[in-house]
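Being a predicted model, the structure only gives us computed values, none of them experimental. Just so you know, residue 1 is the first one in the sequence shown, and it goes up from there.
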Amino acid sequence: MRPTQTTSGAAAAATATPAGGGLGAPAERLEGRDKVTGTARYATELAHTPPDCAYAWPVPATVARGRVTAVDTSAALATPGALAVLTPWTAPRLGEPDDPALAVLQDDRVPHRGWYVALAVAETLEAARATAEAVHVTYAAEPHDVILRPDHPDAYEPDEANGGSAARRVRGDAGAAWAAAPVRVDVTYRIPPLHNHPMEPHAAYARWDGADGSDHLTVYDSSQGAGPVRAVLAGMFRVPEERITVVSEHVGGGFGSKGTPRPHVVLAAMAARHTGRPVKLALPRKDLPTTVGHRAPTVQRVRLAAERDGTLIAVGHEVTTQTSRITEFVEQAAVPARVMYASPHSLTSHRVVPLDVPSPSWMRAPGEASGMYALESAMDELADALGLDPVELRVRNDPATEPDSGLPFSSRNLVACLREGARRFGWHDRDPRPASRRGGPKGRWLTGTGVAAATYPVLLAPSTATATALPDGTFAVDVNATDIGTGARTVLAQIAADALSTPLGSVRIGIGCTRLPRAPLAGGSSGTASWGSAVHQACTRLAERLARHEGPLPVGGLSSTADTTEEAERTPPFARHAFGAHFAEVAVDTATGEVRVRRLLGVYAAGRILNPRTARSQFIGGMVMGLGMALTEHSTVDPAFGDFAERDLAAYHVPSHADVPDVEAHWVEEEDPHLNPMGSKGIGEIGIVGTPAALGNAVHHATGVRLRELPLTPDRVLPHLA
């Protein structure tokens, strides 16, 4: 089972790209034709539907906290087509997972509303849904607490924030420096819960094969990493990993919510084992907010102290966020402040409040997206207090080394991004006075512009890959990478073609299956660097073998493998980050409070851009997601019911085409020899990082009003425009 790119797709890509489609060429996606014609199959589509396939539908808890006292399945099992109803007392007993959120149907507890308390299995999808609706669950409800407050009595400072970052870092005496500074800013920003809504919901197909129905488990899963899914299933079902195959060949978006295994894949495998039949399970969209993680809400206090010339003296960033009572997840929102600006004094800290809520999890640029909104908004407020241009303030405080670690940057071209962005945007033609541009019918529209910086770390994980030269003159490159819509297949093929000095059309890429060489998940903007390093190394070795080889190739071809574990785990003597600058122009309707985006510009320093076409797509996608974070997306928790009120795309408003009129992404040339063989940095997440602050700063420039809670919806803006 080795998923491969179709010949027609590869040939189309080869003929459409210059210079053979190697690195730096704007090659079209190799799987693009398959996706637009419906040939590309996702986790639960018809390609994986044997005649005896069954369907599952979960039953979520309707209390915010408590225990299940009884599950009446009699009416459900009498539903036409019903096969089984799994409950906390009848479901298979599983091993204990590292992530407690995966321990579904293993006991009677209800840690939050929406926790799955039963699973219906039936002959058809419609029958499964009807069976689930007929399940009657009785609870013993308990008091619950779902509201984040900075003064919550249970708030505590954890040992670490996400990613192994220290929860607290102190340099110098930030408090004393702030008190003595001639110019000070002390402001608090709030971000609500935010949710991932990939076009393809979380879905899985599971089948047990063998004499007793449990010898081998095959799973097709909508996941950002087939390897982690296999490891979790092996532990929970007590099956050796070699007896599990997980396929994630085509994935319809993830944004972090599919970065780690989710309950749906456990439930699908559980139902398949219980019934002895293949089972499909696709989560209803309304279940995603409570089941697959969310961006945790944050309350962020930022204190900046500066000399009158704008030189920063002290930076303080104190974050309070929430986690569930199931597992600790600490949004690392104060970490970017340790990277961005030079100052002799700094205090960055995190506090977390455990609540009766679903477990927060990864969402595009976790930590950076939230933290940089607060920091870059505060920098804009400091520029106002100083009477200094916001671009110039950032330039004046650009550090020579990473402030927190003291390490030299492998490369840092933030100033180049700011300068180039200002030039392209026409920044220096703006009137800096707030609320100075009014126009439109009856002068009801106020126009303003804003700027913000962005950063994202360069991450690298161990990976393996195999490259094979085949007798027909083509090459097969295998790596268990995952393409979640980023164009990973295409870029990996370009890396291989470049290393092998061969046209792109002669390279076939196999990805998305645990039978391929081990590789890390797609996350942290680390995929291309991690997988690409292994692919480059395997192909370089293969090219060397071919140069020494004489005569025809053997029937099975000639192969080389690579394992980058040693290089990836080596601690670099550099601080490695991508940087960017975002510029925004907005118009604010003084009659309705509506904010319309007229222009968005992003300029990035992200190492070598391997494919301009897919890179621009990633940058722009991140910026549009940042637009949603700033203006439309938010979720509220009902304190009485303990549930998110916005649970679908009718209530949770993601940007539409009408919201996104003019978005441009550019980059500066950057050569950095301290990264990976390609010289690349991750680009999937940095696009979102500075966009919300740039838009918020533009709204302030348009109206003269500083709003410090997202999103900037009309009901929040209008009261300040009287």
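A salt bridge links E594 to R596: at least one charged side-chain nitrogen sits closer than 4.0 Å to a carboxylate oxygen. The residues D648 and R285 are annotated as not salt-bridged, no charged nitrogen and carboxylate oxygen being separated by less than 4.0 angstrom. Looking at R396 and D309, no side-chain N of the basic residue comes within less than 4.0 Å of a carboxylate O on the acidic one, giving no salt bridge. In this structure, E709 does not pair ionically with R190, as no charged nitrogen and carboxylate oxygen lie closer than 4.0 Å. Salt bridge present: R65 and E142 bring a charged side-chain N and a carboxylate O closer than 4.0 Å.
Residue R351 holds its CZ atom at 10.5 Å from CG of D154, rounded to the nearest 0.5 Å. For the atom pair CZ (R364) and OG (S525), the distance works out to 8.0 Å, reported to the nearest 0.5 Å.
For H653, the ring pair (Phe, Tyr, Trp, His ring centres under 6.0 Å) criterion is met by no residue, not counting sequence neighbours. Shown here are the ring pair (Phe, Tyr, Trp, His ring centres under 6.0 Å) partners of H197, two or more places apart in sequence or in another chain: Y652. Take S165 and apply the side chain to side chain donor-acceptor pair (under 3.5 Å) test, not counting sequence neighbours, and it matches no residue. W445 meets the ring pair (Phe, Tyr, Trp, His ring centres under 6.0 Å) test with no other residue; sequence neighbours excluded. Not counting sequence neighbours, N196 has no partner by the side chain to side chain donor-acceptor pair (under 3.5 Å) test.
Counting only residues at least two apart or in different chains, ring-ring contact (aromatic ring centres under 6.0 Å, His included) contacts with residues 342-386 comprise Y189-Y373, F329-W362.
In this pair, Y604 and F619 present their aromatic rings parallel. The plane angle is below 30°, not in the 30 to 60° band. Note on ring orientation: taking the six-membered ring where Trp is involved, the planes of F425 and W427 are tilted (angle from 30° to 60°).
Cation-pi check for R412 over F579 is met; the charged atom lies under 6.0 angstrom from the ring centroid and within 45 degrees of its normal.
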